[in-house]
Amino acid sequence: MALAFFMPMIAGMTGNTGTQSLAIVIRTMAEEGLRARIILRLVTREAGSGVIIGFVCGTAVAIAAGLWQHNLALGVVVGLTLFLTLIVGTLAGTLIPIALCFLRVDPAVASGPLITTLNDVFSLLIYFTIAHFFLSWLLA
């Protein structure tokens, strides 16, 4: 039951980071174009942002979840999931519009629904995979 409580937060935060990265990429593409140097800068900067945001939010949520449910394993599962999914979300928000641009599809139109769907799917897949590995500790 406790795992289900955190599902909307994980999916929502992952979607938010993906959408924010999408906005930065679309703005940069409109202002500066899309060259190899710009792509490398975008990917590097957004990946770094994902790591920092993921670490801060994942740590905070891990502590809160562990204390709230008196279960350290739950805190680790939720925190680790949030850390990983925020990185995935920022990278998806960065790479998907770039890929769509190369495929000659307007990234401003097509990226949002694609990023939201993929982030929801991957965030829950990561969450339940991590929970599966910690299942014996979660039930203790």
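We're numbering straight along the sequence, starting at 1. Predicted model only: the values in this text are computed from it and were never measured.
- Looking at Leu80 and Phe133, their side chains never come closer than 4.5 Å, going by heavy atoms from C-beta outward.
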Walk me through it: do Met13 and Thr85 pass the test side chain to side chain contact (heavy atoms under 4.5 Å, CB included)?
CA-CA 9 Å; Met13 288 191 68; Thr85 59; over 6 Å; no
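- No donor-acceptor pair under 3.5 Å is formed between the side chain of Tyr127 and the backbone N or O of Ala11.
- Applying the ring-ring contact (aromatic ring centres under 6.0 Å, His included) criterion to Phe128, with sequence neighbours excluded, gives no partner residue.
- Classification of the Phe6-Trp68 ring pair by plane angle, with boundaries at 30° and 60°, yields perpendicular.
- Minimum heavy-atom separation, Pro97 to Ile26: CB-CD1, 4.0 Å.
- A pairwise comparison of heavy atoms in Ala110 and Pro113 identifies O-CD, 3.7 Å as the closest pair.
- Taking each heavy atom of Leu86 and Gly54 in turn, the nearest pair found is CD1-CA, 3.6 Å.
- Looking at heavy atoms from C-beta onward, Ile98 lies in side-chain contact with Leu34 at the 4.5 angstrom threshold.
- Expressed to the nearest 0.5 Å, how far CG of Asn119 lies from OG of Ser21 amounts to 9.0 Å.
- Val78 and Phe5 fall within the same hydrophobic cluster, defined by Ile, Leu, Val, Met, Phe, Trp and Tyr side-chain heavy atoms under 4.5 Å apart, directly or through other members.
- Atom CD1 of residue Ile115 and atom CD of residue Gln20 lie 11.5 Å apart, to the nearest 0.5 angstrom.
- Under the 4.5 Å side-chain criterion, counting only non-hydrogen atoms from C-beta, Leu74 is in contact with Leu138.
- Using modelled atom types, no side-chain atom of Thr59 and backbone atom of Val56 make a donor-acceptor pair closer than 3.5 Å.
- Closest non-hydrogen pair, Arg41 versus Thr28, comes out as NH2-CG2, 3.6 Å.
- Exactly one of Leu42, Val25, Val43, Thr90 qualifies for a side chain to side chain contact (heavy atoms under 4.5 Å, CB included) with Leu95. That residue is Val43.
- Of all heavy-atom pairs spanning Ile10 and Ser123, the tightest one is CG2-CB, 4.0 Å.
- By the ring-ring contact (aromatic ring centres under 6.0 Å, His included) test, Phe134 pairs with Trp137, sequence neighbours left out.
- The two residues Ile38 and Glu32 come nearest to each other via the heavy atoms CD1-O, 3.4 Å.
- Linking ILVMFWY residues whenever their side-chain heavy atoms come closer than 4.5 Å, directly or via other members, places Val61 and Val51 in the same cluster.
- The distance from the CG atom of Leu135 to the CD1 atom of Ile130 is 13.5 Å, given to the nearest 0.5 Å.
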For Val88 and Thr14: C-alpha separation, side-chain torsions, deciding distance, then whether side chain to side chain contact (heavy atoms under 4.5 Å, CB included) applies.
CA-CA 8 Å; Val88 168; Thr14 304; 5.6 Å; no
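- If you run side chain to side chain contact (heavy atoms under 4.5 Å, CB included) between Glu46 and each of Ile87, Ile24, Leu91, only Ile24 comes through.
- Taken to the nearest 0.5 Å, the CD1 atom of Ile53 stands 7.0 Å off from the OG1 atom of Thr17.
- Expressed to the nearest 0.5 Å, how far CD1 of Ile126 lies from CG of Leu84 amounts to 6.0 Å.
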